[in-house]
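Comments concern the structure below.
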Amino acid sequence: MLDLKYIKENAEAVKANIAARFMTADVDEVIRLYDRRNALITETDELRRRRNENAKSMKGKLEPEERQKLIDEGKGLKEAIAAGESETAKVKEALEEKAIRIPNMAHPDVPVGKEDKNNTEISRSDEPTKFDFKPKDHVKLAENLDLIDFETGAKVSGSKFYFLKNEAVLLDLALTRYAMDILGKHGFTLTITPDIAREEIAAGIGFVPRGDESNIYTLEGTGTCLVGTAEITLGGYYAGDIINLDDGPILMAGLSHCFRREAGAAGQYSKGLYRVHQFTKIEMFVYSKAEDSDELLVKLKEIEEEIFNGLGIPFRVVDTCTGDLGAPAYRKFDLEAWMPGRGERGDWGEVTSASNCTDYQSRRLGIRYREDGKTRHVHTLNGTAVAISRAIIAVLENGQREDGSIAVPEALVPYCGFSEIPAKG
RNA sequence: GGAGAGAUGCGAGAGUGGUUGAAUCGGGCGGACUCGAAAUCCGUUGUGCCGGUUUCCGGCACCCAGGGUUCGAAUCCCUGUCUCUCCGCCA
């Protein structure tokens with residue numbers, strides 16, 4: 001969430017930002033509740049001060065009637081404090097509920113626009129892969145080569161579940177090791193995180209654990225949910241802590257399974273592995289000082305480029321527009337890989353996403369660092385190293401040959417142990 | 001899942017219902033001594049919120065969390081969470 005004092009002092013800018021993101025949130029109501037809360041705190045603190053004074057004056061020996069008088073006075077104060085506290089709690093709750101609807105401010109360079117078509121392409125690794133035959137999509141390729149079984153996935157678990165099979169399994173594991181090696185080289189602490197997190201941690205990261213719009217599976221009666229990304233668990237890692245950033249930012253990499261409800265998502269562009277309920281992802285997460293986060297976002301983007309360049313998959317990088325930013329993001333760069341089987345003639349499809357969330361997540365999670373004797377909220381950044389399912393789409397579709405076999409990117413060969421998936425039958 | 005023990009500041013660790021935001025030791029920081037260092041000695045050292053005359057001052061809250069008892073709770077009661085030990089189950 002945003003700093004309440006900041007909202008009050010910059011109400012017009014906050015409103016303009018909400019409008020630019022095509023979101024709705026009631027800034028005036030937040031300010032009204034904030035003022036009301038502060039007035040109540042001041043009042044109740046004064047009552048508590050009088051209670052403390054009253055209690056202190058009763059420590060020594062007193063005449064019985066004098067003591068009784070003080071006790072009666074204390075009883076009165078006690079009631080007034082209880083009333084003040086319950087009113088404050090009510091206002092605080094209402095304030096919090098309204099305030100979390102206000103999105104993070106956006107970087108001044110973020111393109112303004114409503115949908116992903118307003119994203120700005122800022123670079124391109126290469127032109128789309130050329131074929132001298134009509135390329136197939138990954139669903140067809142995987143079916144021909146017996147790599148992914150969607151039908152049995154649906155029977156056993158429901159639609160949008162799948163079994164990876166045969167070489168696809170080894171490809172999955174190879175991509176994992178490949179990415180982890182690169183992240184280790186860049187100084188990330190490697191982790192495999194829990195796949196379940198407490199709901200308040202997920203909420204602190206900016207996910208909505210409950211309700212119709214939620215993309216999260218909750219675990220009934222436990223107060224926990226399945227994670228949609230390791231961003232949740234890695235962001236929760238230092239929740240409530242004051243961390244030391246004097247020796248540089250903290251770089252974490254986490255492998256987790258990711259679970260998403262994806263209610264209502266369907267159609268050509270979501271087919272096959274592109275949008276599924278469960279996949280494996282390796283996520284980068286960074287805790288940094290405020291002044292370093294812009295630079296680190298570029299670094300995350302560059303690591304993503306390194307990973308996909310290494311796979312030889314053409315991609316472009318887009319600067320995500322205001323309407324397409326998630327609420328916690330201040331700026332976001334996406335890598336979109338060329339997917340020859342996407343749409344009619346092939347298309348770019350999102351494979352990674354790197355966001356600078358500034359102090360939006362850390363404020364709610366209570367993660368701070370010290371600087372010049374003061375504590376400040378850390379900046380948090382997250383970026384996809386590899387979302388395995390989408391990377392597999394790109395590998396299969398770009399590596400396909402006319403005879404039905406698939407060339408495996410050279411960088412993966414040492415990890416998976418084969419350089420091609422041979423045509424079958 | 002069952003039984004028991006515990007949770008206090010940066011760490012270890014005291015704590016009688018009322019001068020306890022918290023003894024003591026250690027760590028950190030500042031200083032003295034020293035050519036320098038060690039040792040020693042002295043001082044200092046939490047977080048959040050509200051208000052103000054805003055490099056500071058005042059107030060409030062915080063001893064795992066949430067409730068309760070009381071004029072007054074780190075201290076008494078209840079619930080939850082987590083940790084440890086033992087048993088059971090399990091990969």
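Labels below follow one simple rule: chain letters A, B, ... track the order of the sequence lines, proteins then strands, and each chain is numbered from 1.
- Rounding to the nearest 0.5 angstrom, the gap separating the NZ atom in A:Lys289 from the CG atom in A:Leu296 is 12.0 Å.
- As judged by a 4.0 angstrom heavy-atom cut-off over every strand, A:Lys78 is placed among the base-contacting residues.
- Side-chain atoms of A:Thr384 come within 3.5 Å of backbone atoms of A:Ser353 as a donor-acceptor pair (strictly under, hydrogens ignored).
- B:U75 sits 9 Å from B:U16 when the C1' atoms are compared, rounded to a whole Å.
- Spacing of C1' atoms, B:C76 relative to B:U70, comes out at 10 Å, to the nearest Å.
- When each of A:Arg370 and A:Asn54 is assigned the nucleotide of RNA chain B bearing its nearest heavy atom, the one mapping closer to the 5' terminus is A:Arg370.
- Residue A:Thr44 is classed as having no contact, given no heavy-atom separation below 4.0 Å to the nucleic acid.
- Distance noted for atom P between B:C84 and B:G30: 37 Å (whole Å).
- In this structure, A:Asp72 reaches neither bases nor backbone, as no heavy-atom distance under 4.0 Å exists between it and the strands shown.
- Distance noted for atom C1' between B:G9 and B:U44: 15 Å (whole Å).
- The gap from the P atom of B:G59 to that of B:C64 amounts to 25 Å, rounded to the nearest Å.
- Remark: the separation of the P atoms in B:C25 and B:U45 is 16 Å, to the nearest Å.
- Among the atoms of the strands shown, only primed sugar atoms or phosphate atoms (P, OP1, OP2) are found under 4.0 Å from some heavy atom of A:Ile41.
- Where RNA chain B meets chain A (any atom under 4.0 Å from a heavy atom), the bounding nucleotides read 5' to 3' are B:G18 to B:C82.
- With C1' as the reference atom, B:A22 and B:U8 are 9 Å apart, rounded to whole Å.
- When base pairs are accepted only as Watson-Crick or G-U wobble with both N-N or N-O distances under 3.5 Å, RNA chain B takes part in stems of 3 or more pairs at B:1-7 with B:81-87, B:10-12 with B:24-26, B:27-32 with B:40-45, B:46-52 with B:56-62, B:64-68 with B:76-80.
- Of the P atoms belonging to B:A65 and B:G11, the separation is 15 Å, rounded to the nearest Å.
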Set out, in order, the CA-CA distance, both residues' side-chain angles and the distance that settles salt bridge (charged side-chain N to carboxylate O under 4.0 Å, His left out) for A:Arg37 and A:Asp35, then state yes or no.
CA-CA 5 Å; A:Arg37 182 199 73 159; A:Asp35 287 340; over 6 Å; no
Walk me through whether A:Glu231 and A:Phe207 qualify under side-chain contact (heavy atoms from CB on, under 4.5 Å).
CA-CA 10 Å; A:Glu231 177 190 353; A:Phe207 284 80; 4.2 Å; yes
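- Using a cut-off of 4.0 Å between Lys/Arg side-chain N and Asp/Glu carboxylate O, A:Arg331 and A:Asp319 are scored as salt-bridged.
- Here A:Tyr287 and A:Phe285 bring their ring centres to under 6.0 angstrom of each other.
- For the pair A:Arg342 and A:Tyr274, the cation-pi test (distance below 6.0 Å, angle within 45°) is passed.
- The side-chain tip of A:Arg376 does not point at the ring of A:Tyr369 from less than 6.0 angstrom away and within 45° of straight on.
- Heavy-atom nearest nucleotides on RNA chain B were determined for A:Arg50 and for A:Ile242, and the one closer to the 5' end corresponds to A:Ile242.
- Screening A:Phe161, A:Phe150, A:Phe259, A:Tyr162 for a ring-ring contact (aromatic ring centres under 6.0 Å, His included) with A:His277, the sole residue that qualifies is A:Phe161.
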